[in-house]
Amino acid sequence: TIDDAQEEENSGPTGTADPDAEIPEGLKIDFLPKQLNNPYSDIVNAGGATAVEELAGEFTERGGTEPTADAQVEYINAASQAGSDVIVIAANDPDAVCPSLDQARENGAAIVGYDSNASCTDIFVNQSSTELIGQTLVEMISEDLGGEGTFAVLSATPNATNQNAWIAAMEEVLKEEEHAGLELVETVYGNDDDLESFQEMQGLMQSYPDLDGVVAPTTVGIAAAARYVSDSEYKGEVAVTGLGTPNQMREFVKDETVNQFALWNPEELGYLAGYTGAALRAGQITGAEGETFTAGDLGEFTVQADQEVVLGPPTVFDADNIDDFDF
Amino acid sequence: MAPERTVTAPAPDRAPEGAPDPSGRRPAARIRSLLSARETPVVGALVVTLLGAGLFVDMFATGRNIDFLVLSVAAIALMALPMTLIVITSEIDLSVASTLALSSATLGVLWESGVPIETALWICLAVGAALGAFNGFLVTVCGLPSLAVTIGTMALYRGLAYVLLGDRAVASYPRDWVGGVRAPFLGVEGLPWIAVAILLLSAAFGVLLHATAFGRSLFDIGNNDEAARFTGVSVRWTKFWLFTLSGVVASGAGVFWTLQYGTSRADTAFGLELQVVAAVLLGGVSIFGGVGSILGVMSGVVLLGAIRNALQLFGISSEVLQIVTGLILIASVVTPNLVARTRARRAPAPAPGPVPASAPSPASAPTKGEAP
Amino acid sequence: MDPEEVPPPLALVDVTKSFGSVRALRGLSLELRSGEIHAMVGENGAGKSTLVKTIAGVHRPDGGRVLVDGRPTEFAAPVDAQRAGVAVIYQEPTLFPDLSVAENIFVGRQPRTRLRTIDRGRMRRDTEEVFTRLGVHMDPDRPARGLSIADQQLVEIAKALTRKARVLVMDEPTAALSGVEAERLFTVARTLRDSGAALLFISHRFDEVFSLCDRITVVRDGAFVSCDPTADLDVDTVVRRMVGRDVSSLYPKEDAERGETVLEVDGLTRHGVFADVSFEVRAGEIVALAGLVGAGRSEVIRAVFGVDRYDAGTVRVQGRPLPPGRPKAAMDAGVALVPEDRRQQGLVMESSIERNATATRRGPLSRLGLLRRSAERESAREWGERLSLKSGGLAEPVSTLSGGNQQKVVLAKWLSTEPRVLFVDEPTRGIDVGTKAEVHRLLSTLAGQGLAIVMVSSELPEVLGMADRVLVMHEGRVTAELDRDEADEESVMYAATGQRPSEAA
Amino acid sequence: MNAPSAAPETPTAGAPPRDGARPAHRGIQFRELGVLLAVVVLVVATWMYNPGFLSSQGVHDLFLGATVLSVLAVGQALVLITKNVDLSVGSVMGLSAFGTGLLFVTFPGLPVPVVMLAGVLVGLVAGLLNGLLVTTARVPALVVTLGTLYAYRGLNHWWADGGQVNAHDMPDAFLLLGSFGVLGVPLPAAIAIAVVAAVGFYLARYRSGRELYAIGSNADAARLSGIPAARRVTLAFAANGALAGLAGVLFAARYGTVDSTVGTGMELQVVAAAVVGGVAIAGGVGTVYGAALGAVLLTTITAALPIWQVNQFWQEAVVGALILAAIGLDRLLALRTARRLRGGGARGA
Ligand SMILES: Nc1ncnc2c1ncn2[C@@H]1O[C@H](COP(=O)(O)OP(=O)(O)OP(=O)(O)O)[C@@H](O)[C@H]1O
Ligand SMILES: Nc1ncnc2c1ncn2[C@@H]1O[C@H](COP(=O)(O)OP(=O)(O)OP(=O)(O)O)[C@@H](O)[C@H]1O
Ligand SMILES: [Mg+2]
Ligand SMILES: [Mg+2]
């Protein structure tokens, strides 16, 4: 029974692309971030709004204040009811949102995933490829530790899809010869909560007094880790790196708790997602590998395997360039 | 100076008292008693909201939207039913959302290991019963306060869901089951079968609470459990069964939830317990026990859902939605109180002459004329 | 008014008060003079407690005036009355179960040190002092939770006494007390009177009223009837004025034929509470359990009924053993218990009269598992009539009833189950003479019909008048079993205080 | 705890023992003993497992970790004792934390104490509003504060509008608060300890403090005794709000990053802490020492689990089980006290 069920899934892109199709004006493009009022998603969606404006579409941002799948479903339904043409979604749960997304698609919407994919999107705009992020994270910690030492990962929630994928990618990279000196001792979860992240850091330091570094592939986690280390006796002993926003991390880069960290440009992510949605809806692309389209100022993009469009490698921030960014 | 007068003549004809109860019988009085009931404001607010939203919000009154609305409140509605009974006995069960999650996780694990869904479903309900019974055991046998107990089991059950599923999600449920729970009843759009199921269940709970000896004893327990015990009610067993029932229903909601979203995850329905409690309280159930009705609670559930739905359709931001939800809750308790108080203040002192419907007992009739 | 005369510390003139359609007070006047104990008597629901609450500032009168030292005053809240020097003992004790006894007495006016913190040592000493005056042995530091009604009442009395008030109002303070404690209270009351305080005393016990009070005000249906010096009155006159008719016999015990043994209690023990209690009751018999307050009488019958557990012993009803700790089983076997604390144990105060009165018979009153409201109402109405219940409507909450009428609802609730064995714990506590006679007649009739009745009562006349047999308890043990003709005041009191007649003689 | 007095509860004594009351009273004072015991056992066991737990850094972390929750639990205890509850504390704390941060951003020159005071004031106003709603409209606090839980949070989201205040926006002097130590005790923890002691002393030794217990124990009796119940309850709410405000300020100082989600979901944890510490939901019972101990216990549990290297996925379950164990233990001790109390009903003769 279980295999039958799985076979039904995974319908690839259908129909044929027409690269020259016009993008109609007045497209209703709805952005559904994981949750509203999150500084990160605000920046991403600002990029999306710019794109939609350039396309002369109608931009709507929908979402709850809690990052839960059931709240998101209600907003998908609302978007679909409102006759949305494109739904751009950062899924809180890759599967739970699917029945609703499928219904929205039946109602005529094109479905684009961004930031965190759902299993039933037409196309996924990846902030960077999972491999690239894994690679960058490992390289940063490797540099910080001089290629040798133990480190731990402080992640968000145990269920966070993208974090888990990056951690898996890191583990792949670590198998490579050149990183033989690095050892990932444990992965802990701070649930994107300052308090819990602090406590996990504390536990880590006490369980592994000789720990050399921490990688936090989440913005809340890296800030909490950096703050914990900067206030503790471990400052200078323990390297902290991961994914964070420059504004959040500026303080810790300046006080040398953190040498470097990375992130893609969130504004560009939203911008690209907006264009991708429009292109999809207009029929310029269908999600098949090799199709190309132009995303405004960002230039041309090619659809890669697994219906993915990749923004590019993440930017690494350090003391030299951090003041060039404000987000 | 106290007047030193003496009445020698005994009062004439002291009819046997035991006043017949006039207020309960006349239709006017019956309507008045209906209007003064605690749930009236919420029922009224629901009617107004539905009418208003239907008239002024585009797409609200479409079958599809009603469908969405029903599905979005279904789990809350289910869990609110036993919660109503529990709160009426002045206990509370905050572990319902965690029970839902654990039942969902159980379903996931069973399904993954090849147990057919029809069997897994029953196992889930049994697990729910066990979880509820554990709550009941701690509350009744160990005598622990239910608020504290269920905060504890809220963490425990959620934690067990993590133990079962870890960071995995089970999403391979058969399509016909996943679609099935959303299927309309007899093909009527806007009437998913779960709505019919909830209606029938509410009716059953309503009868149980309002028209049976068992239901009465719940109110007694909530108001004065000692007196209930002196009347032969087994307070402990009653509460124990209520918690067990709550567990069963929450796990049923968990199965429904799982199939509705087609996925089992440990963090599912996080924080839903407060929404259930909010709906129950909005529905006029007293948190101190002893007061409440199923009609009120169901109206509360739908009211909260309808307002959310309408505001979402309007594209109103979620902060505003949160503020509105909060204000409605406050208004739901403040308004009736203020109304009752102003009414009491304005009510004329019982007038001399014709007294309204609920006249005092016949004994006082002879003296009617001598009022101030 | 004589201008020379000192105005009375407290007077009420033409006070009216209504609750919805119930007119509790219809122009009552009352004058409390310094150095005098004033009694107020009236039927249940006559408005006595309402008047007390008006004096206390709990209720605001709808009309009329309250005069303090001759000046019109308004008591907007209890605190105003307290400031005016009025202390009140309410009919129903209202203690703070979680506070210590001492704090209950001094709450809001605890003695303070110079730093304005509470001077616990002094509070303790003051408490012990007032307890000594009252002859009470109670640890001032124990919480009030778990105190018996009698003890609660004593704490209330201590509370009022320590206020050193000019006006002391006591609403049935002795209803829960036995003779010994009541006598102590009276001694204190007389001392207060002699030191110039004005006292108001409310009671349904005429012996107390006549021995203690200087003047007696009779009220009926919320209206003033008469006020005369005690010396000018006798019990019959007062009763006639109160009830509006003659009350025939107060204790009309009829002799009933004794049938077979219905209830057998054997070796019942609850550690620390009562020990080795054994007795039998036959059909048609009224057995009284007498003893001082706290002798463990209520505990015994509660254990028999199953609301309390016990450690050893057996209970049989009609030869069949009753499982311990299961009131439902006892009810099914035909046992009924009218508990002593009507507010805590007998009634659901927020519920309507009819629901309370039928709470024991929901099964029989339903059809196919569904309750029939008409049947409930009919049954409640019938019992209300039999017990002369005075209410503003059967759908009203029981809390709106006067104390005595609440007691009637409890009686209705249990008598309507048509039991074989009836336990009544202080059945007439707070019930007025007229109704009391009715209750006694009812009990007597029921016994005549073959019911076995066990009555716990602290009122000796009631015990002696009603019982076929008297079991006397002292400190958890049965110390004497007296037949009707053996039982008199002396023999019961000897056994109750744990003495043997020979020792005392 | 010792056995009561000489008189054992034996049937042979015949007469019920009547004078066992005084030791029972001692039992009441030690209601918090169970929680304290649990904390000690947990700390010692964890320390034996990993001595790093009680290293100077470890102690520092323990203190700081418990600070915010303790301050919140103390405030909650004030309200619970009056037989009310405040579910909005998480939201109030969020408002105050964000307000504190925002003040630093908008008025960079403002002295730190002024900003801290402003944060407390935000909480005070929110708490006062709760209190006024509860007392003037005479409605159950649970419903009102569930309402304000949503309303305040929504307000905070609306106010923050997705914004975030980061460490670099706050003055160093303020952030130093979060880690600065006095005699080995971090300053925020010292503040929390002072708060607990002050509130505890007030509740035990002042008339108005005792009156809070009286109100929670029997509201009708409180009215009859002339206690200004509405005013006291309003003040309890206001004080709780102010403490939640203080918790918000401490949070901002400690974590350096605040957005509009600070304190989300905190309310149940706070209530759990107070209840675990022996403060009864039914009012009239408990002390703030207990509540603070409850908070310490809960945070110690969560801090100890990573050290025990309990599997990540077992952690929440273990937390739940330990909460249950803690209230169970408390109940056990309470029962023993009650059993002793049964010997305490002496009376006149
Ligand atoms: N809060 C209330 N609401 C409605 N009716 C009330 C209320 N309090 C008292 N009553 C009514 O007022 C009348 C007088 O009651 P009150 O308690 O003063 O009687 P009482 O003389 O003290 O009787 P008892 O001897 O039984 O104590 C009764 O009919 C009672 O039902
Ligand atoms: N040994 C005891 N120790 C402490 N408290 C006791 C003890 N025995 C009885 N009590 C308390 O005193 C109260 C009065 O006891 P009980 O009801 O048995 O006395 P009683 O003889 O029925 O007197 P009454 O009914 O007149 O108060 C009980 O409710 C119980 O809580
Ligand atoms: Mg009275
Ligand atoms: Mg008794």
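Here the structure is a predicted model, which is why all the values come from computation and not from measurement. In what follows, every chain begins at residue 1, and chains take the letters A, B, ... in the order their sequences are listed.
Residues of residues 265-276 of chain D lying within less than 4.5 angstrom of chain B, judged on heavy atoms, are D:E267, D:L268, D:V271, D:A272, D:V275 in numerical order.
At most 12 non-hydrogen atoms from other residues, nucleotides or ligands lie less than 6.0 angstrom from CZ of B:F270. More than 12 heavy atoms of other residues, nucleotides or ligands sit less than 6.0 Å from atom CH2 of D:W308. Atom CH2 of D:W314 is surrounded by 12 or fewer heavy atoms from other residues, nucleotides or ligands within 6.0 Å. For NZ of B:K239, the number of neighbouring non-hydrogen atoms (other residues, nucleotides, ligands) closer than 6.0 Å is greater than 12.
Across D:L133 and B:V334, no two heavy atoms sit closer than the pair CD2-CG2, 4.4 Å. When every heavy atom of B:V149 is checked against every heavy atom of D:L324, the shortest pair comes out as O-CD2, 3.5 Å. Taking both residues in full, the closest heavy atoms of D:V144 and B:I330 are given as O-CG1, 3.7 Å, listed atom of the first, atom of the second, then distance. Closest non-hydrogen pair, D:G320 versus B:A155, comes out as CA-CB, 3.7 Å. Here the closest heavy-atom approach between residue B:T325 and residue D:Y150 is recorded as CG2-CD1, 4.2 Å.
With a 4.5 Å cut-off on non-hydrogen atoms, B:L94 touches chain D through its side chain but not through its backbone. The contact between B:L274 and chain D is made by backbone and side chain atoms together, counting heavy-atom distances below 4.5 Å. With a 4.5 angstrom heavy-atom cutoff, B:Y157 does not touch chain D via any of its atoms. In this structure, chain B has a heavy atom under 4.5 Å from the backbone of D:T136, while its side chain stays farther away. Of the atoms belonging to B:L160, heavy atoms from both backbone and side chain fall under 4.5 Å from chain D.
When each of B:G166, B:S90, B:A278 is scored by its heavy-atom pairs under 4.5 Å with chain D, the top score falls to B:G166. Counting heavy-atom pairs closer than 4.5 Å to chain D, the top-ranked of the candidates B:V277, B:L144, B:L321, B:L165 is B:L144.
To the nearest 0.5 Å, atom CD1 of residue D:I323 and atom CE of residue B:M154 are 8.0 Å apart. The OG atom of B:S98 sits 7.0 Å away from the CD atom of D:E316 when rounded to the nearest 0.5 Å. Note: D:D161 CG to B:E319 CD = 6.5 Å, rounded to the nearest 0.5 Å.
Every residue was checked against the side chain to side chain donor-acceptor pair (under 3.5 Å) condition with B:S103, not counting sequence neighbours, and none meets it.
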Verify side-chain contact (heavy atoms from CB on, under 4.5 Å) between B:F288 and D:L142, making sure each step is shown before the conclusion. CA-CA 10 Å; B:F288 301 122; D:L142 193 126; over 6 Å; no
